[in-house]
Structures are given as C-alpha cells and as structure tokens.
Amino acid sequence: MHTTAASTSPTTLQSRKVQFDWAAVPLHWIPGQPLASHVLSQLHMMLPIGEFWFCKLYNQALPLITDAKLAEDVKAFIKQEAMHARAHQGAATGYLGAHGIETQSFIDRVRWLFEQGPLSDQPWGRVMPKWLYRHWLVFRLGMVAAIEHSTSSVGQYVLRNRRWDEVGADPTVLDLLRWHCAEEIEHRCVAFDLYRHLGGRYGTRWLQKLIWIPAFLLVYAQGTSHILSQDPAFGGRKPSALSPWFWLQWHRAAKAGFIPPIGWFVKEELRYLSWTYSPLEEANTQEALDYMAKSAAVTAQLG
Ligand SMILES: [Fe+2]
Ligand SMILES: [Fe+2]
C-alpha cells in the first residue's frame with residue numbers, strides 16, 4: 001500500500017485493455033425484462049460522453065498537481081475512463097445499432113451539455129478570464145467527484161447483483177458492466193482526492209451533488225425512453241422523463257431485482273454530503289480486483 005497526503009487510493013491503479021464481441025447479444029439481453037435491459041443499455045449512450053469529458057478535464061488538471069502519487073493515479077484514471085468509453089461505444093453500435101436502435105441523436109444532445117452547454121470550457125461560447133477559469137475547472141472536477149461517488153456505489157450494486165445471472169442474462173453485457181464497475185471501485189478515490197488537492201471545498205460538494213442527482217435521473221430517463229420508443233415490444237410508447245408510466249415500470253423492474261430502486265439510489269447519493277465522507281470507506285477494492293481476475297474480457301487480453 002502506498003498512499004500520500006494527497007492520494008488515498010490504496011493500490012497502484014492498473015490500465016487494462018479489453019475487447020468484446022457483440023454479435024450474439026440480444027436486444028433484451030436480460031431475458032423477459034425489456035425495460036431493465038434498456039435501462040442498463042442506456043449507459044452505452046450516456047457514459048462515453050461523460051467519460052471523455054472526465055479525461056479532458058483531467059488532462060487540464062494534471063499540470064496543477066503537486067503530488068507524484070496523485071499524478072500517477074490521475075494518469076491511470078484517464079486511461080481507465082478512456083477504455084470504458086470505447087467499450088461502451090462498441091456496445092452502442094455493436095448490439096443496439098445491430099438491432100436497429102438509433103443512438104446518435106440522443107448522444108449528440110447529451111454531448112452538447114459537455115461541449116457547448118453548461119459543463120463546457122466556455123459555456124454558451126463565453127470566454128473566461130484565466131483567474132476565473134481555474135475556479136471553473138475545480139468546480140467541474142467537483143462535479144466529477146460527485147459523479148464518481150455514484151459510479152462506485154452503483155458499481156458495488158452491479159458487482160453483487162446475482163439476479164441477472166439467475167435468469168440467464170447475456171454474459172458479454174454482464175462482463176462489460178462488471179469489469180467497468182470493478183474499475184470504478186478500484187479508482188473511486190481519485191476524483192475526490194484531486195478535487196480536494198486543488199482546493200475544492202466541502203460546501204460546494206452539496207451544490208455539485210444536488211445538481212447531479214436530478215440532472216442524472218432526468219437525462220437517464222430520457223435516454224432509456226429513447227431506446228424503448230424504438231422497441232416494438234413497447235408498442236410505440238414514447239414516455240417523457242416525467243411520465244408516471246415510465247417510473248412505474250422502473251419500480252416494477254427494481255422490485256423484481258433487475259435494476260436499482262430510485263429510493264436506494266438517492267439514499268446512497270446523500271452519503272456524499274456527510275462531513276466525514278471518504279470514498280475509501282465506500283466499497284471494497286479486493287472485491288473489485290477479484291472480479292477483474294476472472295473477467296473474460298480482461299483475462300482474454302492477458303493471453
Ligand atoms: Fe468509467
Ligand atoms: Fe470512474
């Protein structure tokens with residue numbers, strides 16, 4: 001174990017190359033569970049944009065880091081997130097696209113948020129003075145830390161949920177989700193460490209988390225609806241993110257154990273607001289490494 005004042009990651013982070021073959025993956029990859037399948041497939045549209053945005057911000061932050069171990073963590077984090085993004089992009093075209101699901105128009109709408117809209121370097125084209133830009137960078141690094149708390153708590157849910165295995169869910173999709181979630185757990189301290197190292201404050205964490213929770217749920221529901229509106233199994237329904245029907249379906253799939261209940265998610269999220277919050281206390285690194293040691297996608301690349 002090698003930690004420093006700035007880095008609380010208990011291990012040296014690994015970057016792993018993976019590949020997946022999407023050819024045999026059915027659209028309803030959790031048998032008999034079209035909604036739960038689409039809720040999780042939605043990640044293939046939403047995640048790559050966010051993860052490439054993390055990489056861009058982290059490359060901007062690297063020259064500001066004064067701790068060698070944290071700089072190493074950040075470099076490994078960038079490599080891991082870039083690989084996650086590419087793997088999910090492959091899934092979006094490799095099985096969603098192969099089943100006739102159009103994803104690009106939704107991806108482009110989400111991309112706007114990160115590249116031109118509120119989370120971009122120059123929101124709505126406004127150029128910032130240099131002094132303000134550093135604050136804007138640190139604020140967005142705080143957004144990344146708030147998001148990374150969610151990925152580690154959802155990551156633990158995904159690693160531990162056996163319901164998908166019980167009904168014979170597609171092993172390739174499961175391996176993608178579990179490998180990704182295991183790396184989210186492995187690198188769960190990096191974003192929080194970086195935010196604090198660059199002067200991020202406790203009070204701002206509230207703002208970042210309270211922006212993130214509703215924004216995430218809204219975009220998430222829109223993305224899921226984008227997929228299910230193209231699936232003949234739903235008879236042409238196009239539910240909005242505020243549709244009671246949509247959330248009732250979510251509730252049913254969650255009750256059956258196939259996706260996280262919203263109440264559980266929000267409760268997990270609120271832990272981040274505690275003064276004593278520490279990502280190290282949140283999940284189990286060994287559990288993540290154990291999964292990686294048996295992941296088909298990871299072990300195939302080791303030869
Ligand atoms: Fe990721
Ligand atoms: Fe991550």
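Note that ligands are numbered from 1 as they come in the structure, with each ligand's atoms numbered from 1 the same way. Note that the structure is a prediction, hence the values are computed from the model and not measured.
Take the N/O/S atoms of E148: the one nearest the Fe ion (ligand 2) is OE2. Residue E51 approaches the Fe ion (ligand 1) most closely through its N/O/S atom OE2.
Y291 and Q286 are not linked by any side-chain donor-acceptor pair at a separation below 3.5 angstrom, with hydrogens and angles left out of the test.
In this pair, W212 and F216 present their aromatic rings tilted. The plane angle is within the 30 to 60° band.
When OE2 of E81 and OE2 of E184 are joined through the Fe ion (ligand 2), the resulting angle is 90° to the nearest 10°.
R237 forms a cation-pi arrangement with W245, by the criterion of a distance under 6.0 Å to the ring centre and an angle within 45° of the ring axis.
None of the N, O or S atoms belonging to H84 lies under 2.8 Å away from the Fe ion (ligand 2).
For R205, there are no side chain to side chain donor-acceptor pair (under 3.5 Å) partners, not counting sequence neighbours.
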